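Residue numbers begin at 1 in each chain, while the letters A, B, ... track the order of the sequences. From a predicted model like this one, the values you see are computed outputs, not experimental measurements.
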Protein chains: 2
Amino acid sequence: MSTNAAMAETAALVGDPARAAMLNALMDGRALTAGELAGVAGITAQTASGHLARLAAAGLLAMERQGRHRYHRLATPAVARMLEAIMTVAGSAPPPARPRRIGPADAAMRNARTCYDHLAGRLGVAIADAMAARGQVELATDGGAVTAAGEAFLQSLGISPQAGTRRAFCKPCLDWSERRHHLAGGLGAALCTRCFELGWVKRVPASRTVLVTRAGEAGLRQAFGIELA
Amino acid sequence: MSTNAAMAETAALVGDPARAAMLNALMDGRALTAGELAGVAGITAQTASGHLARLAAAGLLAMERQGRHRYHRLATPAVARMLEAIMTVAGSAPPPARPRRIGPADAAMRNARTCYDHLAGRLGVAIADAMAARGQVELATDGGAVTAAGEAFLQSLGISPQAGTRRAFCKPCLDWSERRHHLAGGLGAALCTRCFELGWVKRVPASRTVLVTRAGEAGLRQAFGIELA
DNA sequence: GGCATGCTTCGGCCCAGACCGAAGCATGCT
DNA sequence: AGCATGCTTCGGTCTGGGCCGAAGCATGCC
């Protein structure tokens, strides 16, 4: 295909108000369901479905199934950069105002909770982000891997890498409230266990919610550079 | 207007094959006439006219009249960046292959010639680019200005800034063959005169064409950092 | 002035595609 | 199993806008 035609096709996908609204809603890296995206675009589910299929076919969006939901997010950072460039030309400053948060009502639960055997919520996502940013883990949709630097870091935390295969050991899991990935698999479980052992977090009785202790705030800041304001 | 709507509108403008082809043809910063743009897009002049009007109204294109021609170019570097970002996502590498050159048939004349009292062609554009890149002049569509650094540089070349108003002194002029701006006005005339005085260029008899001498190649490289391969 | 050229405006044709209602799968909950 | 929920596919309507022919201005050349 001609480069002109390819460019026009991609731009035309962004050039529809409904699709633009959906893409805009995904600009912060979160993943949203088809129904939610239909809502922000002000169209019915079936229309949104068609749009999302086209965006995915063109490689602008990536889709991930989780139960009976389908989570959509921008396929690559290049897509986000493209959208920013278009908004720049369009003249409107990109308003960083996040849309209203959808998810668990309980604020504490949004902040930190367990997901099966690992940590989720803002805390879980922050840990995943920090480790990815530091090159300690490499995350992909289908799996992840712990790097050499990551193994050394885990040792320093008191976690020994007894895991067999490194890939299964580090599995990304889509976060319910944050709509971003956190660490699951053997790695996620080990990190979670260690955080409890160190007294950085403690459970709220009869709930999945966990609270970050004072010692935890300091320890997390020290170990991961995380600031959970 | 909502930021979504503005983004969609801008993207939709790029999302038409004919408009995309025209924008693509302008990616290297040259300015083309409406007729030429119609040609590259494979549409008639009247259709192209409509497209160009819309692109200009949206601020993607800038128009400049020169005689009975209307030259169009990308309005800002931000537009070029946007187009590159879209092409990146579209997957095709932006091919830097320039379209076939339109303009003066005579190669020597394309290379360097006089335009009234100043230098044009590749040489003229190269000088303008070099001085702009070094912050010696600041160019705008309607006029330009010599900076303090520029005045010092001109002094070192043996040109005294006797001009009255600095703005009229430095006027950008759209180059015929290069389709980019070169320096006109008092500054352009002074530079041209000085180049002749220094023996850097000499006229081809009965022609607007000028030739760069061996001394000129060295002098231009030294003074402007220009390499006219 | 008269003619050629470059560009724009006007009017009308026509098609891609955005939209929704209804129906069809798939998954999870009880 | 039965029902609810989330999403997709199918079919049909309708409008926005891309396109050209013809005509109208503006500019430059002889």
- Query: At under 4.0 Å between heavy atoms, what does A:A34 touch on the DNA or RNA strands: base, sugar-phosphate, or nothing?
  - Reply: sugar-phosphate
- Would you mind reading off the distance between B:R70 atom CZ and C:dT5 atom C1', rounded to a whole angstrom? 13 Å
- Examine C:dA18: is either OP1 or OP2 under 4.0 Å from a nitrogen or oxygen in the side chain of A:R19? Give yes or no. yes
- Please state how far atom CD1 in B:I43 lies from atom P in C:dG6, giving the value in whole angstrom units. 17 Å
- Considering only heavy atoms from C-beta outward, does the side chain of A:L74 approach that of A:L83 to under 4.5 Å? yes
- Message: Distance check needed: D:dC7 C1' versus A:E64 CD, whole Å only.
- Response: 17 Å
- Message: Once you measure the plane-to-plane angle for A:F224 and A:W200, does it fall in the parallel (<30°), tilted (30-60°) or perpendicular (>60°) bin?
- Response: perpendicular
- Looking only at side-chain atoms of A:S49, point me to the closest of C:dC20, D:dT9, C:dT8. D:dT9
- Find the distance B:L37:CG to C:dT8:P and express it as a whole number of Å. 10 Å
- Query: Taking the nucleotide of DNA chain C with the closest heavy atom to each, which residue, A:D16 or A:Q46, is nearer the 5' end?
  - Reply: A:D16
- Message: If I take atom CG in residue B:L52 and atom P in nucleotide D:dG18, what distance separates them, rounded to the nearest angstrom?
- Response: 13 Å
- Query: Is the distance from OP1 or OP2 of C:dA18 to the nearest side-chain N or O of A:R54 less than 4.0 Å?
  - Reply: yes
- Test side-chain contact (heavy atoms from CB on, under 4.5 Å), reference A:C195, set A:V212, A:V201, A:V210, output is A:V201
- Query: Closer than 4.0 Å, any side-chain N/O of A:H69 to the OP1 or OP2 of D:dT5?
  - Reply: no
- Short side-chain N/O contact from A:T47 to OP1 or OP2 of C:dC19, under 4.0 Å: no
- Query: How long is the span from the CZ atom in A:R113 to the NE2 atom in A:H118, to the nearest 0.5 Å?
  - Reply: 9.0 Å
- For A:L61 and D:dT8, what is the distance between atoms CG and C1' respectively, to the nearest whole Å? 16 Å
- Both distances under 3.5 Å, Watson-Crick or G-U wobble: report the partner of C:dT30, or none. D:dA1
- Task: Might you point out which heavy atoms bring B:L123 and B:A112 nearest each other, and give the distance in Å?
- Result: CB-CB, 3.8 Å
- Considering just the side-chain nitrogens and oxygens of A:H51, establish if one lies under 4.0 Å of OP1 or OP2 belonging to C:dC19. yes
- Here the distance between atom P of D:dT27 and atom OH of B:Y71, to the nearest Å, is 16 Å
